[in-house]
Protein chains: 2
Amino acid sequence: MRVSREQMAENRRRILDAASRLFRAKGFDAVSVAEVMKAAGLTHGGFYGHFASKDDLVAQTLGHVLAVDPGGGGDLRAYLDAYLSPRHRDNAADGCPTAGLAADIRHQTRAARLAMTKGLRSQFDRIGEALPEMSAADRRRAAIGSWAAMVGAVILARAVDDPALSDEILDLTRAWIDASVSQVSPS
Amino acid sequence: MRVSREQMAENRRRILDAASRLFRAKGFDAVSVAEVMKAAGLTHGGFYGHFASKDDLVAQTLGHVLAVDPGGGGDLRAYLDAYLSPRHRDNAADGCPTAGLAADIRHQTRAARLAMTKGLRSQFDRIGEALPEMSAADRRRAAIGSWAAMVGAVILARAVDDPALSDEILDLTRAWIDASVSQVSPS
DNA sequence: TGTACATCAGTGAACGCGCGTTCACTGATGTAC
DNA sequence: TGTACATCAGTGAACGCGCGTTCACTGATGTAC
């Protein structure tokens, strides 16, 4: 049953949204094409009318999800608090795609790595702009260092089996970044 | 053909060593049981004489590889240099199991997560001991923050497609940790 | 605007393949005498 | 110490299953007149 061009465009968007959530929750390998299509309200056979392959879906999903501004609007302290929170740790499906998928990217296609590279560049710039007054060199160093620590902390907090240790990783990493950033130019 | 008890113990060690390298290089899902056994010089049928399942192999491999002290011997500066180096980034098979596997752990069994939890606790203690003079609270905060940044930086450096950006992530994260650690008590 | 027909997005059965796992068998090891 | 036999680590063919992908078909959409 053919659908209208508008419906087809919306279906495509729904496939990407479903894939984005499922990939973040379970990882690229653990999610099947049929599972994505079912979550989008379609059957698996129609998949290849939208994408050339599962690898193509992975790359396009990354481009789709990394294009969205994560919000925070320049308030670094609030962004840190939300990012390094139990809520973010426990909701990978709705969470940061970098924390959920970056480690998997090195086993994916070049197109997927290119999408991640572009997303990371933007993120470094965004964090740099949200930083307090400091030199351009200090700003870039703090942006990259903070982002590495934030992504690493969420990954470690999700890997750990002990809730107390997991909370501690989030809390102390936040305090450490806080101290490191504000010492250059105290708020 | 039955083998001696010593030979069987060595075979088991070789399976764990092969699995450890292959998992770090390619991830848990992308490595098959047959591939591990072949790399250990055996055939796949013998696998279940050593392990109950592939999940069991994953958990035991983590226990095996995380029990090894990564070296560095208390010299944090040298450890940082080696850890955040292109050589480490480009050799995941021989590299840090946390950087290579931590993000995958959350999709594995409880036994695997327990092994990673234990490994992380040791690592936090080791880094804490290598830190310069500071209070116990500052020491723990710096150990956890530094480790999150180190693991995050290697993961991001491996995900990125542009060698210049990848090098920059390693270099600036190292400089950032360096500044953050030595400011509390300059060397 | 209304009609007739070509187009093509989506359906669901089917395919080939690689995976984890099982099992009958082999032959060297370990042991009882 | 030497011999006869039971044990069992490793072999390789075979299994069932889920995956990515293909394809003949359907029927609503879009278009030509």
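In what follows, chains carry the letters A, B, and so on, assigned in the order in which the sequence lines appear, proteins first and then strands, with residues in each chain numbered from 1.
Base pairing annotation: C:dG30 forms a Watson-Crick or G-U wobble pair with D:dC5, both donor-acceptor distances under 3.5 Å. Summarising the base pairing, D:dC17 is matched to C:dG18 through a Watson-Crick or G-U wobble pair whose two defining distances lie under 3.5 Å. Checking C:dC23 for Watson-Crick or G-U wobble geometry (two distances, each under 3.5 Å) identifies D:dG12 as its partner.
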**OP:** For side-chain contact (heavy atoms from CB on, under 4.5 Å), just list the numbers for A:H64 and A:D17, CA-CA rounded to whole Å, side-chain angles, deciding distance to a tenth of an Å, and then say yes or no.
**Re:** CA-CA 8 Å; A:H64 179 71; A:D17 286 340; 2.9 Å; yes
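Nearest to the side-chain atoms of A:V3 among the listed nucleotides D:dG30, D:dG10, C:dA9 stands C:dA9. For A:V33, the listed nucleotide lying nearest its side chain is D:dT21; candidates were D:dT21, D:dG30, C:dA28. Proximity note for A:R5 (side chain, C-beta onward) versus C:dG20, D:dG30, C:dT31: the nearest is D:dG30.
Between A:N11 and C:dG10, a side-chain N or O to OP1/OP2 separation shorter than 4.0 Å is present.
If A:S4 and B:Y48 are placed on DNA chain C by their nearest nucleotide, the residue sitting closer to the 5' end is A:S4. Judged by closest nucleotide on DNA chain D, A:F47 is the one of A:F47 and A:R2 placed further toward the 5' end.
Atom CZ of A:R12 and atom C1' of C:dG10 are 16 Å apart (whole Å). Rounded to whole Å, the distance from CG on B:L57 to P on C:dT21 is 10 Å. Put simply, CE on B:M37 is 8 Å from C1' on D:dG10, counting in whole angstrom units. Residue A:D29 contributes atom CG, which lies 17 Å from atom P of D:dG18 at whole-angstrom precision. The distance between atom NZ of A:K38 and atom P of C:dG10, rounded to the nearest whole Å, is 19 Å. What separates CD of A:E35 from P of D:dC17 is a distance of 19 Å, to the nearest Å. Between B:L42 atom CG and D:dG12 atom C1' the separation is 13 Å, expressed in whole Å. We find that NZ of A:K54 is positioned 16 Å from P of C:dG18, with the value rounded to whole Å.
Closest approach of A:D167 to A:P86, counting heavy atoms only: OD1-CG, 4.1 Å.
Two different hydrophobic clusters hold A:M116 and A:L114 under the rule that ILVMFWY side chains link at heavy-atom gaps under 4.5 Å.
Base contact: B:G45 has a heavy atom under 4.0 Å from a base atom. If you check every strand for non-hydrogen atoms under 4.0 Å, B:V31 touches sugar and phosphate atoms only. Contacts of A:M8 with the nucleic acid, taken as non-hydrogen atoms under 4.0 Å apart, involve only primed sugar atoms and P, OP1 or OP2. In this structure, B:H44 reaches the bases: a heavy-atom distance under 4.0 Å links it to at least one base atom across the strands shown.
A:Y79 and A:W147 have parallel rings, their planes meeting at less than 30° on a 0 to 90° scale where 60° marks the start of perpendicular.
In this structure the side chain of A:R24 reaches within 4.5 angstrom of the side chain of A:V65, judged on heavy atoms.
The main-chain N or O of A:L16 is never found under 3.5 Å from a side-chain atom of A:S20 such that the two would form a donor-acceptor pair.
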